[in-house]
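These notes are about the structure you will find just below.
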Amino acid sequence: MTGDPPIIGILSPPDWCEPAVQEFPMLSAAPVRMQQAMVPLPGLNYDDLQNISEAQTQVEVAAQLLGNAGARAIGMTGTPFVWAGLSTKADIEARHASIAQAAGCDVVMAGTAICEALQDLGARRIAVATPYYTESWREQTRVALHAFGFDVASIASADSMDSITRIKSIADHDATTDMDTVLRLLTDLRRQDLDTDALVVAGAGVRMLDATPRFEAELGCPIVSSDTALYYALLKTVGLPCQPGLLGRMEAALP
């Protein structure tokens, strides 16, 4: 019906309970309606990025379902779903465009929303925290950010800290996503290079919405994360106002 709040679709990875469905309505200062769909690939092996790369058809099916349900825009969580297996900006953008075409509406994806937010903040040299990422995920993250023109000064998971055992599987993320561990990792990265324009936190398993303003004040640097960048891109795409004080420095970059 005309005048109803817009429907925001959330497209999430398989076997994952996505907090965005509850968080985004609290972030938007205007009413929204939420609809979620999972990529229909139960039991996906996340440790092998090739499996994520090959999920394109299923991602497009889920996106189409959300578009058919009337979504004004769709936010795709699961940071690597847009860049897994790819190494150039053109290929990443082509995958993104194919998903949007299937949906028939605007689609924003966490992996490229990070780049959009960094660009809007004027950041070029960045340090990247990937708290629970394995070595292959870290390297693919670096490649994707480099493809979009960013100078990645450093990138590290929580296993770079002495107290954390080497990360062998994405499924072990619970031990590395508490806020104390994330702040320690960000602090280490910031101390290594004070000339970075921004800090990035990659991984939807790290929920930065409540922590971002506090961490930015402590570290003196903008922080862009998978969840907050996705929300930023959705607000910007749909033209929704933002509740103040949650997105940190990204809030000032909204139109």
Side-chain angles (χ1 to χ4, degrees), residues 1-44 46 51-84 92-93 95-117 202-210 212 224-243 246-247 250-251 254-255:
M1 296 176 65
T2 302
D4 285 346
I7 297 171
I8 305 298
I10 297 297
L11 179 50
S12 61
D15 308 327
W16 167 250
C17 183
E18 176 49 53
V21 180
Q22 287 77 40
E23 289 181 347
F24 188 76
M26 295 187 293
L27 179 65
S28 173
V32 294
R33 293 176 289 167
M34 305 299 294
Q35 180 67 53
Q36 181 184 9
M38 281 187 190
V39 178
L41 278 172
L44 179 68
Y46 287 97
N51 293 330
I52 297 176
S53 179
E54 293 172 352
Q56 180 75 8
T57 298
Q58 290 85 353
V59 171
E60 291 180 2
V61 167
Q64 183 179 3
L65 289 171
L66 288 171
N68 290 348
R72 167 65 180 80
I74 295 168
M76 171 79 194
T77 68
T79 310
F81 276 85
V82 71
W83 47 245
I92 293 168
E93 289 179 336
R95 179 180 286 172
H96 191 166
S98 180
I99 295 167
Q101 182 177 14
C105 65
D106 290 324
V107 173
V108 300
M109 303 187 74
T112 44
I114 289 172
C115 298
E116 179 181 349
V206 186
R207 309 310 297 184
M208 289 290 294
L209 184 60
D210 292 333
T212 295
V224 175
S225 60
S226 294
D227 57 342
T228 60
L230 186 74
Y231 298 157
Y232 170 85
L234 280 171
L235 290 168
K236 182 179 172 183
T237 297
V238 184
L240 295 167
C242 179
Q243 293 286 1
L246 293 176
L247 281 184
M250 279 190 292
E251 185 181 332
L254 286 167

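Quick caveat: nothing in here was measured; it's all calculated off a predicted structure. Hydrogens, waters and symmetry mates play no part in the numbers below; they use all other heavy atoms, side chains included.
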_Test your reading of the model: is there a side-chain donor-acceptor pair from Thr237 to the backbone of Ala233, 3.5 Å cut-off?_
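Checking the backbone N and O of Ala233 against the side chain of Thr237, a donor-acceptor pair under 3.5 Å is found.
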
Those residues that, when tested against [X], pass side chain to side chain donor-acceptor pair (under 3.5 Å) (two or more places apart):
{"X": "Ser225", "answer": "Asp227, Thr228"}
{"X": "Gln36", "answer": "Ser12"}
{"X": "Gln243", "answer": "none"}

Kindly give the heavy-atom pair with the smallest separation between [X] and [Y], and that separation in Å.
{"X": "Pro6", "Y": "Arg72", "result": "CB-CB, 4.1 Å"}
{"X": "Val82", "Y": "Gly111", "result": "CG1-CA, 3.7 Å"}
{"X": "Pro31", "Y": "Pro5", "result": "O-CB, 3.4 Å"}
{"X": "Ala63", "Y": "Ile74", "result": "O-CD1, 3.6 Å"}
{"X": "Leu230", "Y": "Gly75", "result": "CD1-CA, 4.0 Å"}
{"X": "Ala84", "Y": "Arg95", "result": "O-NH1, 2.9 Å"}

Distance check, rounded to the nearest 0.5 Å: [X] atom [atom1] versus [Y] atom [atom2]?
{"X": "Ile8", "Y": "Met34", "atom1": "CD1", "atom2": "CE", "result": "6.5 Å"}
{"X": "Thr77", "Y": "Glu18", "atom1": "OG1", "atom2": "CD", "result": "4.0 Å"}
{"X": "Glu116", "Y": "Met109", "atom1": "CD", "atom2": "CE", "result": "13.5 Å"}
{"X": "Tyr232", "Y": "Ile114", "atom1": "OH", "atom2": "CD1", "result": "13.5 Å"}
{"X": "Thr212", "Y": "Arg207", "atom1": "OG1", "atom2": "CZ", "result": "10.5 Å"}
{"X": "Leu240", "Y": "Ser28", "atom1": "CG", "atom2": "OG", "result": "4.0 Å"}

*Mind running side-chain contact (heavy atoms from CB on, under 4.5 Å) on Met76 and Ile99 for me, showing each step along the way?*
CA-CA 10 Å; Met76 171 79 194; Ile99 295 167; 5.9 Å; no

*Chi angles and distances behind the side-chain contact (heavy atoms from CB on, under 4.5 Å) call for Leu246, Glu251*: CA-CA 8 Å; Leu246 293 176; Glu251 185 181 332; 5.8 Å; no

*Output, in order, the C-alpha distance, side-chain angles, deciding distance and verdict of side-chain contact (heavy atoms from CB on, under 4.5 Å) for Leu44 and Ile52.*
CA-CA 8 Å; Leu44 179 68; Ile52 297 176; 4.2 Å; yes

_The test is side-chain contact (heavy atoms from CB on, under 4.5 Å); show your working for Trp83 and Thr112 and say whether it passes._
CA-CA 8 Å; Trp83 47 245; Thr112 44; 5.9 Å; no

*In terms of ring plane angle, is the pair Phe81 and Tyr46 parallel, tilted or perpendicular, where the classes change at 30° and 60°?*
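Correct class here is perpendicular.
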
*Side chains of Gln56 and Glu60, donor plus acceptor under 3.5 Å*: yes

